[in-house]
Amino acid sequence: MSGVTRRLLLAVTVVMPRSRRGWGEALIAELSYTTSGRDQAQLLLGAVRTAVLPPPALDGCVLSARRAALVAATAWIPLAAALYLTNIVFPSAGDTAFGALGLRAYLVITLMAAGAAARRAVQGRVPPVVAGITAGLVLATLGIGTFAVIGHLGGGHRNATLMAAAPGVALLLASAGALLAPLGAIIDQEARAAWAHWRRVLPARSAGR
Amino acid sequence: MKVLRALAADAAQWRYGYELGAETGLKAGSLYPILVRLADRGFLEAKWEESPPHGRPARHLYRLTEGGLELAAADPVSATRRPAPFPGRGAGRPQPAGA
């Protein structure tokens, strides 16, 4: 197994970012000191995990993307429930303008919230954009999945149309996210600053009276 | 954090990864990503062993930097979860020797 593991470790080291290759070489060196197959497999796992670790400069982006994905996925749960109820349990003849408007407003708020969550985690201009793109893609994926399930449950045959529209929906939501999430981050930052200001000012004013 | 504590226990001593794994109970698959992250944040320095056993390759040795020692002494759990400031405003990031 050692020979195979060594070759695999070498392959992983070669594909590592240049700044990480020293770690790959260190793991290859450790291989000579291990005897059990399990330890060798662990070294290989360590190399793979090291290879996929984001470089430090991207830490902020990765963290903001994770936050955004969590925000988007959480926000999708009530929306999916509402879509299921209105399409399967209590199906209506057609989409109401109110429902369509509500859906868009909810998506806008979710994308902005993703940007705010990213800004709270990491400073900088880029993380909210990354967060917005991530949230947009997560919403698109979950949305397409939900509509596919609803279409299937409803006995419709719209899935081919849905799949054809999927790339466009993903691109649209990712672009909207890239624009709206930074806006959400700014609004959140300003709102928090204003709130902090008023929390300082109001007690001082009431004490002065 | 076990790794920080193990490294801080004898701060002047250079340690092998295998030794750290045995001490902390962490397998290599978990230990090395932790060491990489600590080094990325400037808390760990690494160098190649100077006189390896005959016929065996030199291994990496690790020890905490001053920053790493401060981190271990302060509040390692919350401090290591804190993200590095973005972009590139964090502490120095020494790479392992020979990397």
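In what follows, chains carry the letters A, B, and so on, assigned in the order in which the sequence lines appear, proteins first and then strands, with residues in each chain numbered from 1.
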From Val52(A), Leu45(A), Leu53(A), residue fulfilling side chain to side chain contact (heavy atoms under 4.5 Å, CB included) relative to Pro33(B): Leu53(A)
Tyr33(A) six-ring centre to Arg56(B) NZ/CZ under 6.0 Å and within 45° of normal: yes
Interface moiety of Leu27(A) toward chain B, non-hydrogen atoms closer than 4.5 Å: side chain
Whether Tyr62(B) and Trp23(A) hold their rings parallel, tilted or perpendicular, with breakpoints at 30° and 60°: parallel
Looking only at heavy atoms, which two atoms of [X] and [Y] are closest? And how far apart?
{"X": "His60(B)", "Y": "Gly22(A)", "result": "CE1-O, 3.8 Å"}
{"X": "Gly17(B)", "Y": "Glu30(A)", "result": "N-OE2, 4.0 Å"}
{"X": "Ser32(A)", "Y": "Pro57(B)", "result": "OG-CG, 3.3 Å"}

Interatomic spacing from OG1 in Thr34(A) to OH in Tyr18(B) - rounded to 0.5 Å: 9.0 Å
Side-chain heavy-atom pair Arg49(A), Ser30(B) within 4.5 angstrom cut-off: yes
Any side-chain heavy-atom pair of Leu26(B) and Gln42(A) under 4.5 Å: no
Option that, when pairs with chain B are counted at under 4.5 Å, heavy atom only, ranks first among Gly24(A), Ala47(A), Ala26(A): Ala26(A)
OH (Tyr84(A)) with more than 12 external heavy atoms under 6.0 Å: no
Arg15(B), CZ atom: more than 12 neighbouring heavy atoms under 6.0 Å: yes
Which portion of Leu35(B) sits near chain A, non-hydrogen atoms under 4.5 angstrom: both
Within residues 177-196 of chain A or reaching into it, pairs that qualify as salt bridge (Lys or Arg N to Asp or Glu O under 4.0 Å) - sequence neighbours excluded: Arg120(A)-Asp188(A), Asp188(A)-Arg192(A)
